[in-house]
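The structure appears below as structure tokens.
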Amino acid sequence: KRKKDFGAAATEPNVATDGIDINTLFLKTKKDKPSVEFSLWDFAGQNTYYSTHQYFLNKKAIYMVCCNMSDESEESISRIEYWLQSLNSRAPSAPLLIICSHYLDEQCNKVYWREFKKKLVDRF
């Protein structure tokens, strides 16, 4: 485990995770209360690691599935579907956030967004 400076992350190149990257994030609270500690696990996206992901999923976590909204390729939708199915199987009651980047891209208008959501809902 290591403490991560998330302010610097935006300037670092986008490199795929190899294995699992584990970081700790501390959020300060009011003076009389202890800080809140989050353990952040970034799973590798390569197919080689997919079979190991199931061993780390449980209902005592909050999950974020991140995707590039402007990439509507079959491969991209399949990756999102993989994570939704995995989480539904291993941690069905755990909170889930789907984080979509590139929302402000020109092609991502209301019609595009509606279709993007429909693809996910229809498949899942």
Side-chain angles (χ1 to χ4, degrees):
K1 285 191 198 181
R2 62 180 178 218
K3 190 174 178 182
K4 175 97 173 174
D5 176 7
F6 288 93
T11 60
E12 296 175 5
N14 184 7
V15 178
T17 302
D18 187 21
I20 299 174
D21 189 12
I22 302 172
N23 295 288
T24 302
L25 173 66
F26 295 91
L27 295 180
K28 294 180 182 177
T29 59
K30 295 180 180 179
K31 290 182 183 180
D32 58 336
K33 301 207 180 211
S35 63
V36 177
E37 179 181 338
F38 290 93
S39 179
L40 307 170
W41 294 47
D42 181 2
F43 290 95
Q46 296 87 356
N47 290 340
T48 306
Y49 296 105
Y50 274 27
S51 63
T52 64
H53 293 153
Q54 64 184 323
Y55 300 111
F56 301 97
L57 305 178
N58 69 62
K59 63 183 178 183
K60 294 182 179 181
I62 300 171
Y63 294 94
M64 293 189 308
V65 174
C66 302
C67 64
N68 175 347
M69 192 173 147
S70 66
D71 181 0
E72 61 177 333
S73 68
E74 187 63 30
E75 181 181 0
S76 179
I77 298 296
S78 292
R79 283 188 198 134
I80 297 166
E81 183 180 38
Y82 163 79
W83 281 108
L84 295 178
Q85 288 177 342
S86 296
L87 291 169
N88 191 50
S89 296
R90 296 290 178 175
S93 60
L96 169 65
L97 302 169
I98 300 176
I99 310 296
C100 298
S101 66
H102 296 79
Y103 180 78
L104 297 177
D105 282 7
E106 196 172 304
Q107 74 190 47
C108 297
N109 56 36
K110 287 181 182 180
V111 173
Y112 182 90
W113 175 240
R114 202 170 322 138
E115 289 298 315
F116 186 85
K117 286 192 304 187
K118 184 177 179 345
K119 280 182 185 178
L120 291 179
V121 170
D122 287 350
R123 293 178 74 156
F124 188 68

Got a sec, which residues hit ring-ring contact (aromatic ring centres under 6.0 Å, His included) with Y63, two or more places apart in sequence or on another chain?
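Listed in chain order: nothing, the list is empty.
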Smallest separation among heavy atoms of [X] and [Y], with atom names:
X	Y	value
T29	P34	OG1-O, 2.8 Å
K59	A91	N-CB, 3.9 Å
I22	S39	CG2-OG, 4.0 Å
A61	P95	O-CD, 3.4 Å

With sequence neighbours excluded, residues passing side-chain hydrogen bond (donor to acceptor under 3.5 Å, both in side chains) with [X]:
X	value
Q54	R90
W113	none
N68	S70, H102

Quick check: do L84 and I98 have side-chain heavy atoms less than 4.5 Å from each other?
yes
Under a 4.5 Å cut-off applied to non-hydrogen side-chain atoms, are L96 and N88 in contact?
no
Could I get the full list of side-chain contact (heavy atoms from CB on, under 4.5 Å) partners for F38, not counting sequence neighbours?
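With neighbours one apart ignored, the set is L25, L27, V36, L40.
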Among residues at least two apart in sequence or on other chains, which ones pass side-chain contact (heavy atoms from CB on, under 4.5 Å) with Y112?
M69, E72, Q107, C108, N109
Are the side chain of S35 and the backbone of F26 linked by a donor-acceptor contact shorter than 3.5 Å?
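Side chain of S35 to backbone of F26, a donor-acceptor pair under 3.5 Å: no, none is there.
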Using the test salt bridge (Lys or Arg N to Asp or Glu O under 4.0 Å), find all partners of E75 that sit at least two apart in sequence or belong to another chain.
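In terms of salt bridge (Lys or Arg N to Asp or Glu O under 4.0 Å), with neighbours along the sequence ignored, E75 is linked to R79.
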If you group Ile, Leu, Val, Met, Phe, Trp and Tyr whenever their side-chain heavy atoms sit less than 4.5 Å apart, what else falls in with L97?
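For the cluster that includes L97, the remaining residues are M64, I99.
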How long is the span from the SG atom in C66 to the CG atom in D42, to the nearest 0.5 Å?
8.5 Å
